[in-house]
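Data block below; observations after.
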Amino acid sequence: MSQQNPFESALVLLRQAAEKMQLEDSVLKILLVPERVIELSLPLKKDSGELEIIRGYRVQYNNWLGPYKGGLRFHPQVDMNEVKALAFWMTIKNAVCNVPFGGGKGGLEIDPKTLSKEELERLTREFAKELAPNVGPEVDVPAPDVNTNGQIMDWFRDEYSKVVGKDSPAVVTGKPVGKGGSLGREEATGMGGFFVLEQLVEKLSLEKPLTVAVQGFGNVGLHIARLLSENGYKVVALSDSKGGVSDLENGFDVREAESNKKEKGSLGESYPDKKITNEELLELPVDILVPAALEGVINKDNAGKIQAKIILEMANGPITAEGDEILNQKEIKVVPDVLANSGGVTVSYFEWYQNMHKEEWSEEDVNKKLKEKMVSSFAEVWGIHEEKNVNFRTAAYILAIQRLLDSRLHVEPVQGDALREESEENFEEPVFNLPAGSN
Ligand code: GLU
């Protein structure tokens, strides 16, 4: 894993886009820092009776477009810099996919697999209680992320509702279906990425079958791998946190791999003669590489060895700024996370909307609306990519920053320069034409 601080790395990409679009310095200064950071020490009573203190975070990066929105991640690697980076990316992502949300993110520094269900519930409820004064359907709306799911969102909503004394399903999204969750939310991130890739394949007139390596077999990796294998792509490598497997010649039946993993515990155990490492997977000679696990996996150490022609970033921030530069030089087409994985938050928006309006949409309706959103976001990014001759990431950032700027049009200028201009205008009033004696 690269040592580059993910937040610093994220800001390098912001600065690049800002330069290309000649963004005013005063706006850039605001976008380089989060609006608010919350850091918590949460007491967790273990089943053994022992007390452990767990670090918790919520970063509310920017709310120009609406309530802060973004997931909660439970992972031992979670720290303030990671959460800041993730909250920044949510700001850009929500603007790219044009949902009325700002960007936020949170997390706990914990491996939930080491906790019993009761411990996980107690910890989640503690987190919700502590965050309650700073979240809410119109303030900040968390959702699932790495190692969190519908059950955790349901505990969060329940605890928050107790604190505010009113059932508030819209305080979180990604809830279980039947408990205020939207149909189609679980598959949405993977499906959104699939729609984007299909658009790109069409634009580039690529011939199927195309070979794909997917890193990560969680909610995102699994669903996109499934869709790809069922729609004319050859999935030749898969991986989970224990390692990868590859079969360049025959590929994998993803549904079969899924049930084998369930039975044997890991993909490696399911296909012992096809084992590779997670690092090797990234360097395979494939048409499309889909990193769908954690950030920073493609960095200055391995970017030069990537052989894929297209990278679809389904994880958040899987490529560091240094890695990105190398891939650009190699002319590898990178579909950035803020576009590729925006299907999740798009359907989160649909869920929030249904909760706020007491509606329930069919799965068909959700998927249809998701497709429309992904196709139009792709078209807008593609348009800027062509018009300004910039890569997809810079194009997506330009689109997002423009939307953020547009949202500020109604706000009074606060910069010193603007105020000075106003007083200079006042000074130039034609006072000499006033009648004598008038004051
Ligand atoms: N965690 C997801 C993401 O990174 C979804 C966030 C949400 O639905 O608010 O985009």
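This chain uses plain numbering: 1 for the first residue, then up along the sequence. Counting convention: from 1, in listed order, for ligands and their atoms alike. Keep in mind the model is a prediction, meaning the values are calculated, not measured.
For ligand 1, the protein residues within 4.0 angstrom (heavy atoms only) are Lys69, Gly70, Gly71, Met90, Lys93, Lys105, Ala143, Pro144, Asp145, Arg185, Asn316, Gly344, Val345, Ser348.
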Donor-acceptor pairs under 3.5 Å, side chain of residues 325-337 to any protein atom, not counting sequence neighbours: which ones?
from   : atom 1 : to     : atom 2 : distance (Å)
Asn328 : OD1    : Asn391 : ND2    : 3.1
Asn328 : ND2    : Asp324 : O      : 3.4
Lys330 : NZ     : Gly304 : O      : 2.7
Lys330 : NZ     : Ile306 : O      : 2.8
Asp337 : OD2    : Gly317 : N      : 2.7

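The nearest pair of heavy atoms linking Leu312 to Ala340 is CD1-CB, 3.7 Å. The shortest non-hydrogen separation linking Pro291 to Val297 is CB-CG2, 4.3 Å.
Around CD of Glu19, the count of heavy atoms belonging to other residues, nucleotides or ligands within 6.0 Å does not exceed 12. Counting non-hydrogen atoms of other residues, nucleotides and ligands closer than 6.0 Å to NZ of Lys162 gives a total above 12.
The aromatic rings of Phe127 and Phe74 lie tilted to each other, with the angle between the two planes from 30° to 60°.
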